[in-house]
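Below is one structure; the comments refer to it alone.
Predicted, not measured: the structure shown is a model, and the values here were computed from it. Remember, it's 1-based here, ligands and their atoms both numbered in the order they're listed.
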Amino acid sequence: MRTITKLAAGAALIAMTAGAAKAAEQVEVLHWWTSGGEAAALNVLKENLQKQGVTWKDMPVAGGAGSAAMTALRARVTAGDPPTAVQLLGFDLRDWAEMGVAANLDDLAKKEGWDKVIPAALQNFSKYDGHWIAAPVNIHSTNWLWINKAALDKAGGKVPTNIDEFIALLDAFKAQGITALAHGGVPWQDGTLWEAVVLSTGGPDFYKKAVLDLDPAALSGDQMKKVFDTMSKLRTYFDQNFSGREWNLSTAMVIEGKAGAQEMGDWSKGEWLRANKKPGTDFVCIRFPGTQGSVLFNADQFMMFDVGGDAEKAQLKMASAVEDPAFQIAFNTVKGSVPARTDVSNEKFDDCGKKGMADLAEASSKGTLMGSLAHGYAQPAAIKEAMLDVITQHLNGQLTTEQALKRLPEAVKAAK
Ligand code: BGC
């Protein structure tokens, strides 16, 4: 009897230890990578960790640019139960770190020499108060145009290099009987289009003045009037069902030849690749007309939360896996982004990826690498939301251009 009890106790102990070990080797990851291309890229990370014995507990929250994910995260942190790692962008990293909920990755970063290989523009956000809190996964950029190659050829084959040529191309697509510009009407997508138009209209200096420095004169002057006028014009090339559509469904329209082009970040390429389409053959990637030479960047980063104790081991394995150069290649060639490290070869990347890497290096050296507003790298959330609100209302015809020019600096001032 005693032996049986002992055995049972022993078995229970073994089960508990195994349970603890299992828990220690698990990461719970909150992210918004739910489209086909995004999920395929995320699988690269899941499989990498699984090979190392780390179980992946998935917490996907659909919704481009992470707007819904942030609400879910707030609930978890408020309940005192943060996930192990969370996909975050720019100023949001700072906001969470300020609350004192971040893990400290300094030892790992030091051991692996992150300081030397991760660009300063990212480190600004991957570190808080001088300490590493996040592992940057990639660098995306938003000022891209994705064009259906067959539709382009039919329209004469010349890629547009400024807004006027772009409008002429959209007219040609319209004449082909397809939707000229595939766009999904949600604030972050409206903002993604708007920031490209700002850059194209006034160049990098104007983008800096208006979007980074929030200069009231730049936010309400003649150049900005041109921006809003262009937005109104572009609106005339959308289809009737654009309102509320997710970005990947708009990409699908261009892939299927139902639309001519889409302005979108390079996560869009992930969808093309997923559909077995080739750059140069099936689609053409160019910088948004008039923006070659500048890059509006956003980088996905996994912020590690202070989960303490056992879970920390798996968390560090994940952070280390993310910064592994081989992983950076495997992941980013699927995702459409470029590596978050400067020491990774471009050899395995397709032509759009190679262009992305070359453009990034050029912009970085020229001082024309600037944070994306719509994706959290230009302004903190409150200011970003306030600006997106005006941009969306104007695009939807709820504000005239005159009203938008008045409201934009006011909204910024109120949000500061
Ligand atoms: C993220 C991308 C993501 C896109 C659409 C962006 O903010 O940086 O990784 O694919 O949103 O969801």
Expected list for residues 217-225: side-chain donor-acceptor pairs under 3.5 angstrom, two or more places apart:
unit_1 : atom_1 : unit_2 : atom_2 : d
Ser220 : OG     : Pro216 : O      : 2.8
Lys225 : NZ     : Asp229 : OD2    : 2.9

Worksheet item: Can you pull the side chain to side chain donor-acceptor pair (under 3.5 Å) pairs that have at least one residue in residues 206-217, sequence neighbours excluded?
Response: none
Discussion item. Going by side chain to side chain donor-acceptor pair (under 3.5 Å), name the pairs with one or both residues in residues 237-256, residues two or more places apart or in two chains.
Written reply: Asp171-Tyr237, Asp239-Arg245, Arg245-Ser250, Thr251-Gln262, Thr251-Ser268, Glu256-Lys258
Discussion item. In the structure I gave you, are the side-chain heavy atoms of Val101 and Pro82 within less than 4.5 Å of one another anywhere?
Written reply: no
Worksheet item: Can you check whether Val412 reaches Leu214 side chain to side chain, under 4.5 Å on heavy atoms?
Response: yes
Practice prompt. Write down, by chain and number, every protein residue that brings a non-hydrogen atom to less than 4.0 Å from an atom of ligand 1.
Written response: Trp32, Trp33, Glu38, Gly64, Ala65, Gln87, Leu89, His140, Trp247, Trp267, Asn298, Asp300, Lys335, His375
Worksheet item: Between Glu323 and Arg341, is there a salt bridge with N-O shorter than 4.0 Å?
Response: no
